[in-house]
Structures are given as structure tokens and as C-alpha cells.
K.L.:
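Quick one: structure below, then a few questions.
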Amino acid sequence: MVRTCPDQQRSRPPLVRRSPLPSNSRRPPMEAIASEEDEEAASSSFNPPPPPPPSSPAQLSRWIEAEDLLRRRLIERDDLPWELPGGGGAAAGSGEALKYVGGVDLSFAGDDGSLACATLVVLDLSTLRVVYEDFDVVRLEVPYVPGFLAFREAPVLLGLLEKVKSSAKDICPQLIMVDGNGLLHPRGFGLACHLGVLADLPTIGIGKNLHHVDGLTLSGVKQLLAAKDNLSKDLLTLTGSSGRIWGVAMRSTWNTSKPIFVSIGHRISLQTAAKVVGMTCKYRVPEPVRQADIRSRDFLRKNGYVNFRILTQSMVLSIVVRRCCNGFMDGWFDMRPL
């Protein structure tokens, strides 16, 4: 049974149940492979890349300052109150196993680059079945600016995490997979880092495309994956020209030619992050993120893009500042939208 947030229970249509693969197999049948390709095409159609708007230097400066404040709290190692099934990754003697893994994503309504459905799903790690889902349809007035996606999407995702803590405490996610990058980001602090620090939860960044940073390029990564010595490897460490490790390129299933790009978000090591992602992949994209994507698009289709609220730039900055500084710097930024 999938639990839906109480706020959505009256308006949500009946859930469509999807039969999972057998738990002892990660290899989907050939028809499922075709289905996954269809899903990726549908996902792209619901997420048209909006044209970059003119960016105010003052606005970008405020965002960078807020980001620098959050970065001070970033933890790039295992700081986990749970252990993985079979051991590993836990605080010594905690005795608690990782059971509930969350996934978050936003889908946009048709050609409207501002009307979005944010989705949180929670999966039981042992079965990869969705046990909780929640949605929030919002009008995002914060502009899309390349490299600053977190300031557009993190606040609404944070709201969904706060709701699950109050409405379904027994199945709160112990870890969140984010459809977006973590450390693998031009400034080393992507959406997964923002959300992890703001929510104080372990997070993993799942990138479907590669940020070209520190000398890393998609063509270069593909060449390395195709090299004879790497053909049998599922993971390729992404080491930049500076020697910094940014994440890993992962062949998540045997049948995919496209890697995903896994990076640290917050409170987890790259090694543990790669292990958890590997445990949740039936298809190329790990199931928590895949289900969040599928269900957010379904919600938009079935509900006609109604009942949305507006999330403004001033709301975004005030959320970040309050979270980061516990209120003592609320007046530091001019909160008027630019």
C-alpha cells in the first residue's frame, strides 16, 4: 500500500500499481528496456530547458554568498545513523539498518518553464516499492540560471521533506536521492548539497548529464569507459585535472550504454553513495529518482496543472538565510525580488 500525504488524499486519482521485477534480478526484460527509453523521452518532454534569462549581477552575488554560508556545514564523509544491509556505513553500535530511501524530482508543465510539480517518494529498500508519495504544484518565479538550480528547486523540495516528518514519521526517508548533482557542480555545491545541508539529511546527487568541470568532459568519460581496461567495470572515478575526485560515472545496469553520474550530496562518502545507488537500480536511473520523475509527470497530467502556489525569489532567499543562520542574519539580504 502506498501512503499519500493527507493534503493530497482528496484530490489524488487512484494510484496505478506497477508490478516490480523479481527481487533476485536486476535485468529487465526487453520490453522493459523499450519502456525505459520511452520514459526518458517523456521525461525530456516534461522538462524543456528554459532559456537562460538575463541575470542580475547583484542577484547572483547574493546567491553565491548564501551558498558559501551553506557550504561551511557540508559533510563529505559518512555521518550516518544507520548501516547498510550486510553491514557498512553506520555509526558504530547504532543497530539501525537503512530501510527507507527517498527520491525527489521536479517536472514542468508542457512548455511552461515555471509551472512545476515537485515530488517526494519513499521506497522500501528491501523491495524497491513506493510506500509514500507527496506532491506540490508551484509557480516558480525564481528564474532558471545555469549553475544555480538549487535556488529555484530546493525550497519546494524542502517543504515536502518537512511534511513527511510530520505526517508519516514512521516511514521518514533516512537518505534522499536527488535528481541533480552534488559536488559534481561548477562550484562544487549543487542541488543535492543544498538540500542535504538544509534538511540535515544524507543526500546523493544523481546526474543524468555531466557537468564539464575541472577538465572533465562527456567525450573524455565515454572514451575511458570504452577503454579495454574499463569494459568490465561498473564504476569510473571522475578525477579532474586538479586531482580532485568529483564523483563516479556508473554503468547502473548491464544493458545501458549511458552512465549516470553519482556524487556526494551531504553526510555520505562517495563509496557508500555508490553502493546505495547500485542497490536501487532496476534501470539506468535509480528507482527513487525514477519513480519521483514518473509520478510527478503523472500528477501533472491527471490534475490539469491546477492548485499551484507561487514561490518567489524573496521566499527562496529568506528560507536559505533562516536555515543557515537561525534568523540572526534575516536582514542581511535585500529580500525584494530583482
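FYI, the numbering just counts along the sequence from 1. In what follows, every heavy atom counts, from backbone to side chain, and hydrogens, waters and symmetry copies are set aside.
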K.L.:
With D68, which residues qualify under salt bridge (Lys or Arg N to Asp or Glu O under 4.0 Å), at least two apart?
P.N.:
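Counting only residues at least two positions away or on another chain, D68 forms a salt bridge (Lys or Arg N to Asp or Glu O under 4.0 Å) with R71.
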K.L.:
For I171 versus V122, what's the shortest heavy-atom pair and its separation?
P.N.:
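Shortest heavy-atom contact: O-CG1, 3.5 Å.
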K.L.:
Got a donor-acceptor contact below 3.5 angstrom from the R284 side chain to the K258 backbone?
P.N.:
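Side chain of R284 to backbone of K258, a donor-acceptor pair under 3.5 Å: yes, one is there.
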K.L.:
Is there a path of hydrophobic side-chain contacts, each under 4.5 Å between heavy atoms of I, L, V, M, F, W or Y residues, that connects L218 with L184?
P.N.:
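Yes, same cluster.
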K.L.:
Would you indicate whether the side-chain heavy atoms of S107 and D293 approach each other to under 4.5 Å?
P.N.:
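Yes, their side chains come closer than 4.5 Å.
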K.L.:
With no hydrogens and no angle check, is any side-chain donor or acceptor of S61 less than 3.5 Å from a backbone partner on P57?
P.N.:
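Judged by distance alone, no pair lies under 3.5 Å.
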K.L.:
Stepwise, does the salt bridge (Lys or Arg N to Asp or Glu O under 4.0 Å) test hold for R301 with D298?
P.N.:
CA-CA 5 Å; R301 274 194 295 260; D298 284 349; 2.4 Å; yes
K.L.:
Quick one: does L106's side chain get under 4.5 Å of V156's, heavy atoms only?
P.N.:
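Yes; the side chains approach each other to less than 4.5 Å.
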K.L.:
Within the 4.5 Å heavy-atom criterion, are L80 and L98 side-chain neighbours or not?
P.N.:
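They are not in side-chain contact.
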K.L.:
Taking all heavy atoms of A66 and all of F151, pick out the closest pair and write down the distance.
P.N.:
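So the two residues come closest at CB-CE2, 4.0 Å.
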K.L.:
To check you understand the geometry: which heavy-atom pair defines the closest contact between I206 and V289, and what is its length?
P.N.:
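Looking at all heavy atoms of both residues, the shortest contact is CG1-CG2, 4.1 Å.
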K.L.:
Which residue in the set R152, E141, R139 passes side chain to side chain donor-acceptor pair (under 3.5 Å) when paired with S114?
P.N.:
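Result: among R152, E141, R139, R139 is the only option passing the side chain to side chain donor-acceptor pair (under 3.5 Å) with S114.
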K.L.:
Should F189 and V104 be counted in the same cluster of Ile, Leu, Val, Met, Phe, Trp and Tyr side chains packed under 4.5 Å apart?
P.N.:
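Hydrophobic grouping puts F189 with V104.
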K.L.:
Return the minimal non-hydrogen interatomic distance between P288 and V101, and the atom names on each side.
P.N.:
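The pair with the smallest heavy-atom distance is CG-CG1, 3.8 Å.
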K.L.:
Any ion pair linking R290 and E287 (charged N to carboxylate O, less than 4.0 Å)?
P.N.:
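Salt bridge present between E287 and R290.
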K.L.:
Which donor-acceptor pairs under 3.5 Å do side chains of residues 220-231 form with protein atoms, sequence neighbours excluded?
P.N.:
from	atom 1	to	atom 2	distance (Å)
N230	OD1	K233	NZ	3.3
N230	ND2	L224	O	2.6

K.L.:
Between L191 and F261, is there a shared hydrophobic cluster once you connect ILVMFWY residues whose side-chain heavy atoms come closer than 4.5 Å?
P.N.:
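Not linked; separate clusters.
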K.L.:
For D200, what residues pass the side-chain contact (heavy atoms from CB on, under 4.5 Å) criterion, not counting sequence neighbours?
P.N.:
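D200 satisfies side-chain contact (heavy atoms from CB on, under 4.5 Å) with H266, R267 only.
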K.L.:
Only one of R72, R73, R187 passes salt bridge (charged side-chain N to carboxylate O under 4.0 Å, His left out) with E67; say which it is.
P.N.:
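Testing each of R72, R73, R187 against E67, the sole residue satisfying salt bridge (charged side-chain N to carboxylate O under 4.0 Å, His left out) is R187.
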K.L.:
Using the test side-chain contact (heavy atoms from CB on, under 4.5 Å), find all partners of L270 that sit at least two apart in sequence or belong to another chain.
P.N.:
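With neighbours one apart ignored, the set is I245, V248, I264.
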K.L.:
Any sub-3.5 Å donor-acceptor pair from W82's side-chain atoms to Q174's backbone N or O?
P.N.:
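Side chain of W82 to backbone of Q174: a pair is present.
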K.L.:
Who passes side-chain contact (heavy atoms from CB on, under 4.5 Å) against N209, sequence neighbours left out?
P.N.:
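Here no residue qualifies.
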K.L.:
Which residues satisfy the side chain to side chain donor-acceptor pair (under 3.5 Å) test with D124, sequence neighbours excluded?
P.N.:
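For D124, the residues satisfying side chain to side chain donor-acceptor pair (under 3.5 Å) (neighbours in sequence not counted) are S126.
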K.L.:
Check which hydrophobic residues are tied to I75 through side-chain heavy-atom contacts below 4.5 Å, counting indirect links as well, and list them.
P.N.:
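Besides I75, the cluster holds no residue at all.
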K.L.:
I'd like to check the ring pair (Phe, Tyr, Trp, His ring centres under 6.0 Å) partners of H185; sequence neighbours left out, ordered by chain and number.
P.N.:
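Expected list: H211.
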K.L.:
Taking all non-hydrogen atoms of both residues, which atom of T280 and which atom of P286 are closest, and how far apart?
P.N.:
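Scanning both residues completely, I find the closest heavy atoms to be OG1-CB, 3.3 Å.
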K.L.:
Y100: what forms a ring pair (Phe, Tyr, Trp, His ring centres under 6.0 Å) with it, not counting sequence neighbours?
P.N.:
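If we apply the ring pair (Phe, Tyr, Trp, His ring centres under 6.0 Å) test to Y100, skipping adjacent residues, there are no hits.
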K.L.:
So, using side chain to side chain donor-acceptor pair (under 3.5 Å) as the criterion, who are the partners of S242 when residues are at least two apart?
P.N.:
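Partners of S242 under the side chain to side chain donor-acceptor pair (under 3.5 Å) test: D214.
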K.L.:
Counting N and O atoms only, with roles assigned by atom type, does the side chain of E133 sit under 3.5 Å from a partner on the main chain of S296, one being a donor and the other an acceptor?
P.N.:
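Checking the backbone N and O of S296 against the side chain of E133, no donor-acceptor pair under 3.5 Å is found.
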K.L.:
Can you list the residues that meet the side-chain contact (heavy atoms from CB on, under 4.5 Å) rule with S269, with sequence neighbours excluded?
P.N.:
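Only D78, Q271, T272 meet the side-chain contact (heavy atoms from CB on, under 4.5 Å) criterion with S269.
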K.L.:
Search all heavy atoms of G180 against all heavy atoms of A192 and return the closest pair with its distance.
P.N.:
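Result for this residue pair: O-CB, 4.3 Å.
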K.L.:
Please answer: with hydrophobic residues joined when any side-chain heavy atoms are less than 4.5 Å apart, are W246 and V277 in the same cluster?
P.N.:
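No, W246 does not connect to V277 through the hydrophobic network.
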K.L.:
Would you say L236 and V262 are hydrophobically clustered, going by side-chain heavy atoms of ILVMFWY under 4.5 Å?
P.N.:
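Looking at the clustering, V262 is in a separate group from L236.
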K.L.:
Check side chain to side chain donor-acceptor pair (under 3.5 Å) between R244 and all other residues, then give those that pass, not counting sequence neighbours.
P.N.:
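Once residues adjacent in sequence are excluded, R244 has no partner under the side chain to side chain donor-acceptor pair (under 3.5 Å) criterion.
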